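Take a look at the structure set out below.
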Amino acid sequence: MKQLSKTYNPKKIESKIYYLWEKSGFFNPDKLPKRHKKPYTILLPPPNVTGSLHMGHALNATIQDILIRQKRLEGFKTLWLPGTDHAGIATQNVVEKELKKEGKTRFDLGRKRLIEKIWQWKEKYGDVILDQLKKLGASCDWSRTRFTLDKEYADAVKKAFLYYYKKGWIYRGKRVINWCRRCATSLSELELEYKQERGTLWYIRYPLKKPEKKLKEKYVVVATTRPETMLGDTAVAVNPKDKRYKSLVGQKIILPLVNREIPIVADNLVDPKFGTGAVKVTSAHNLTDYQISLKHKLPLIQIINEGGKLTKKVPSLYHGLSVEEARKKIISNLEELNLIQKSEPYFHQLPYCYRCDTKIEILPSEQWFLKMDKLAKKAITPVKKGKVKFYPKNFKKTYLDWLENVRDWCISRQLWWGHKIPLKGENDVLDTWFSSALWPFATLGWPQKTKDLETFYPSDVLSTARDIIHLWVVRMMFSGIELMKKNPFKRVYIHPIVLTRTGQRMSKSLGTGINPLDLIEKYGADATRFGLAWQIMGGQDMKFVEDNIIMGKKFCNKIWNASRFVLMQTKGLKSKKQNYDLNFQTRNLTLADRKILKSLNKTIGLVNKYLENFLFGKATHALYDFFWHDFCDKYIEISKSQILEAKYQKETKKILLYILSVSLVLLHPFIPFITEEIYQTLPLKKKRGCLMIEKWPSSQIIRDS
RNA sequence: GGGCGCGUAGCUCAGAGGUUAGAGCGUCACACUGACAUUGUGAAGGUCAUAGGUUCAAAUCCUGUCGCGCCCACCA
């Protein structure tokens with residue numbers, strides 16, 4: 001028999017054990033023993049190919065591995081399918097930034113060569129994060145690893161798009177976007193840089209068409225930092241609760257300089273405290289105004305073109321002027337008409353292009369949309385009816401509230417890296433989330449009718465972060481229901497967000513992030529996992545403290561040494577019957593024997609209950625208390641004297657071995673490496689080769705008699 | 001602005017109507033006897049944010065106040 005060293009050294013065993021698991025093939029459900037029949041599926045939320053492991057990933061991977069390992073032990077045919085997301089904007093940006101270092105832009109390369117370059121980058125760095133998950137002990141079936149841009153996946157995306165298209169749910173429409181006139185491209189929120197700037201807030205008098213006699217004023221005064229956009233105004237808006245303007249809602253304004261009639265509308269997006277409480281609405285050139293215009297069905301009047309010049313939609317006096325020129329001219333014209341009440345300095349944040357530092361224009365542009373009315377209803381029903389459950393349950397509200405007022409989904413992006421829209425003459429690509437939405441079934445072979453799809457869809461649990469409930473969970477739900485005719489998962493677990501000790505979000509750029517790989521290096525993967533799981537209590541956030549990882553490390557060492565003790569005592573002992581069916585002679589049991597067996601029973605029950613409800617912190621606490629306090633502090637100490645008495649000796653040794661064996665199984669989902677290593681040295685007669693596929697204990701081991 | 005949540009020991013958190021409010025880490029004292037000093041035994045440390053209310057009984061339920069955080073939207 002192999003000797004265990006005096007202290008636990010994770011570095012010595014982790015890679016060895018991981019290799020043992022991979023070699024066993026048991027990560028792959030098809031290679032599990034035949035008794036594993038009933039499928040149990042978890043799909044790893046695919047990290048971005050640009051990503052490297054952060055605490056959120058480590059936490060979620062720990063959670064999923066706990067669940068999948070426990071189910072594997074329970075005899076399920078478990079699949080945990082990994083993969084990565086092409087993450088359109090993020091990835092293209094990474095490569096474009098590299099180009100920038102060489103003084104080049106994507107336009108220098110052209111579309112084809114840029115995409116080639118991104119693929120090269122992906123091949124080189126794209127799987128880094130998956131390798132990092134292995135360090136944590138993740139028991140994913142790596143043979144099924146998928147990428148949201150690989151060929152089969154692209155077929156699925158195409159199929160899904162065309163399905164919606166033929167239904168008539170995909171349409172072309174206008175949408176207001178961020179535009180860089182120098183790069184000649186639209187920009188996402190991620191690609192903007194905001195700069196604090198001193199501007200001017202002008203208060204402009206807008207004449208009422210029919211001034212009410214009881215009102216002294218013949219005007220409504222609006223405040224704006226961009227007077228030139230008034231040429232494209234389509235309304236004036238006030239807050240519906242604003243008493244000052246109540247009587248004006250529904251009346252008309254004669255837009256100065258243009259002499260166009262526009263309505264006064266009420267909308268709660270208007271902040272009554274800003275300026276005069278009345279704002280001009282420029283539907284085509286302001287994002288908020290665009291939202292207001294959608295609700296009130298106002299027209300879009302594009303007065304600024306892609307080059308930053310005024311279009312022919314404005315009076316000829318202003319044709320072709322740049323935005324800056326137009327502003328000067330309009331101010332002076334308004335002053336001549338005595339329509340400027342006052343002006344004051346105003347500080348605000350303005351968006352710039354992150355690449356070329358040009359001020360962003362907001363313009364309407366043609367985009368593709370997916371109609372949401374029917375799909376949203378389909379996504380609502382199963383959650384409302386409880387067919388798909390959220391844990392913790394309050395996230396059901398987050399999910400449903402958003403869907404109740406969902407707008408049509410803009411699915412096109414002006415990028416090069418992504419799934420091309422599968423229609424003739426289209427250059428745009430699809431929103432990254434359009435492909436992620438198909439993850440629960442495209443990864444299993446859809447649209448082909450594969451055996452995997454039949455076996456592993458729908459998945460059992462989706463574990464993810466709450467900030468992508470809208471972006472991702474909702475979209476998977478309706479995609480699954482529409483295209484597979486079945487909900488894509490049964491339960492959605494929303495894990496806590498890992499914050500710094502002071503309660504801030506961890507951020508690489510601020511240097512407040514903690515690298516889980518450093519923790520693994522310092523304390524071992526098991527300690528890191530146990531410490532993380534220990535902290536998962538009911539709250540929606542968790543402030544990370546290293547103390548808990550230290551606890552995990554100490555606990556591992558305790559397990560290690562308790563095992564050494566048991567192994568010393570039971571050297572050469574082989575249980576006659578199969579592993580856990582030790583046949584205790586009830587009348588020979590001492591009070592202490594009885595107590596520890598009962599306590600084990602109770603612990604098994606608790607762990608089952610807690611895991612079923614995603615209460616990982618509770619489960620780890622129960623295991624910790626049982627193993628350390630009941631088993632080590634009490635039973636092991638008493639066993640030392642029991643072993644000295646001939647009539648108890650044999651039974652005591654059997655119990656020691658038994659409690660340890662069962663504990664290792666119970667602990668395995670949380671701390672897989674150390675438990676596997678110890679298991680390999682246990683003197684049990686029948687072993688299954690890997691603790692990973694041992695039998696999860698039933699809680700009816702001993703009766704209370 | 002909308003949503004969600006949190007203020008309990010020095011720190012991170014349990015406890016969710018009923019005797020002396022718990023854990024881990026940290027601190028202090030003592031103990032290296034054969035599993036483990038990454039240990040053992042013991043100790044110190046808390047008007048449970050605050051003000052009212054409900055109740056025989058409130059850390060726990062209700063209301064207000066103060067403080068903190070996260071997510072979403074937005075900054076005209």
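Note that these values count all heavy atoms, side chains included, but never hydrogens, waters or copies made by symmetry. This structure is a prediction, so every number in the text was calculated from the model and none was measured. In what follows, every chain begins at residue 1, and chains take the letters A, B, ... in the order their sequences are listed.
For the pair Lys653(A) NZ and A35(B) P, the interatomic distance rounds to 13 Å; values are reported in whole Å. In this entry the distance linking NZ of Lys280(A) with C1' of A76(B) reads 8 Å, nearest Å. With rounding to whole Å, Met542(A) atom CE is found 16 Å from G5(B) atom C1'. Atoms OH (Tyr391(A)) and C1' (C4(B)) sit 20 Å apart, rounded to a whole Å. Straight-line distance from the OH atom of Tyr635(A) to the P atom of A35(B): 15 Å, rounded to whole Å. Lys396(A) places its NZ atom 16 Å from the C1' atom of C4(B), with the value rounded to the nearest Å. The separation between Tyr290(A) atom OH and A76(B) atom C1' is 17 Å, rounded to whole Å. As a whole-Å value, the separation of Tyr8(A) OH from A35(B) C1' is 17 Å.
Listed by chain and number, the residues in a side chain to side chain donor-acceptor pair (under 3.5 Å) with Asp401(A) are Lys397(A) (sequence neighbours excluded). Thr620(A) meets the side chain to side chain donor-acceptor pair (under 3.5 Å) test with no other residue; sequence neighbours excluded. Partners of Asp630(A) according to the side chain to side chain donor-acceptor pair (under 3.5 Å) rule, which considers only residues two or more places apart in sequence or in another chain, are Ser599(A). Arg475(A) pairs by the salt bridge (charged side-chain N to carboxylate O under 4.0 Å, His left out) definition with nothing, not counting sequence neighbours.
Residues Phe530(A) and Phe555(A) meet the side-chain proximity criterion, which asks for heavy atoms closer than 4.5 Å. Looking at heavy atoms from C-beta onward, Leu657(A) lies in side-chain contact with Leu684(A) at the 4.5 angstrom threshold.
Closest to the side chain of Arg501(A), out of U12(B), C71(B), G40(B), is U12(B). The side chain of Thr224(A) sits closest to A76(B) out of C75(B), A76(B), A35(B). Side chain of Asn557(A), nearest nucleotide from U38(B), A14(B), A76(B): U38(B). For Asn561(A), the side-chain atoms get nearest to A35(B) when compared with the rest of C74(B), A35(B), A14(B). For Asn394(A), the listed nucleotide lying nearest its side chain is G5(B); candidates were G5(B), G15(B), U38(B).
Evaluated for a salt bridge (Lys or Arg N to Asp or Glu O under 4.0 Å) with Glu612(A), the options Lys389(A), Lys618(A), Arg491(A) yield exactly one hit, Arg491(A).
Checked by atom type and distance alone, the side chain of Asp526(A) pairs as donor or acceptor with a backbone atom of Phe673(A) at under 3.5 Å. When atom types are taken as modelled, the side chain of His495(A) and the backbone of Ser463(A) share no donor-acceptor pair closer than 3.5 angstrom.
The P atoms of U33(B) and U50(B) are separated by 48 Å, rounded to the nearest whole Å. For the C1' atoms, the distance linking C48(B) with A21(B) amounts to 8 Å, nearest Å. Rounded to whole Å, the P atom of C62(B) lies 15 Å from the corresponding atom of A16(B). Taking the P atoms as reference points, G45(B) lies 16 Å from C28(B), given to the whole Å. When the C1' atom is compared between A57(B) and G17(B), the two are found 8 Å apart, to the nearest whole Å. U54(B) and G1(B) are spaced 33 Å apart, taking the P atom of each and rounding to whole Å. For the P atom pair drawn from U65(B) and U20(B), the interatomic distance equals 34 Å after rounding to whole Å. Between the C1' atoms of U8(B) and U60(B), the separation comes to 11 Å (whole Å).
Residue contacts for Leu201(A): at a heavy-atom cut-off of 4.0 Å it reaches no nucleic acid atom on any strand shown. Contact annotation for Gln535(A): backbone-only contact, meaning every heavy-atom pair under 4.0 Å involves sugar-phosphate atoms and none involves a base. Among the atoms of the strands shown, only primed sugar atoms or phosphate atoms (P, OP1, OP2) are found under 4.0 Å from some heavy atom of Thr225(A). Here Cys556(A) lies out of heavy-atom contact (under 4.0 Å) with every strand. Among the heavy atoms of the strands lying under 4.0 Å from Asp467(A) are primed sugar atoms or P, OP1, OP2 only; no base atom is included. Note on Lys543(A): only backbone sugar-phosphate atoms sit closer than 4.0 angstrom, heavy atoms only; bases stay farther off.
We find that Glu228(A) and Lys328(A) are not joined by a salt bridge, their nearest charged nitrogen and carboxylate oxygen being 4.0 Å or further apart.
The environment of Lys595(A) atom NZ is sparse: at most 12 non-hydrogen atoms of other residues, nucleotides or ligands sit within 6.0 angstrom.
For Glu637(A) against A35(B), a side-chain-to-base donor-acceptor contact under 3.5 Å is present.
Of the side-chain N and O atoms in Lys397(A), none sit less than 4.0 angstrom from OP1 or OP2 of C71(B). For Thr288(A), a side-chain nitrogen or oxygen approaches OP1 or OP2 of C75(B) to under 4.0 Å. Contact check, Lys640(A) against G34(B): no side-chain N or O comes under 4.0 Å of OP1 or OP2.
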Contact pattern, 5' to 3', of nucleotides 22-29 of chain B - B, S or - by protein heavy atom under 4.0 Å = -SSBS---
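Residues Met537(A) and Ile497(A) each lie close to RNA chain B; by heavy-atom proximity, the contact nearer the 5' end of the strand is made by Met537(A). If you find the closest nucleotide of RNA chain B to Cys632(A) and to Val279(A), the one lying nearer the 5' end belongs to Cys632(A).
Separation of the Tyr493(A) and Tyr391(A) ring centroids does not fall under the 6.0 Å cut-off.
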RNA chain B in dot-bracket, Watson-Crick or G-U pairs under 3.5 Å, [ ] crossing, | other strand?
-> ((((((((.[[[[.)..(...]]]].(((((.......))))).....[[[[[..)....]]]]])))))))....
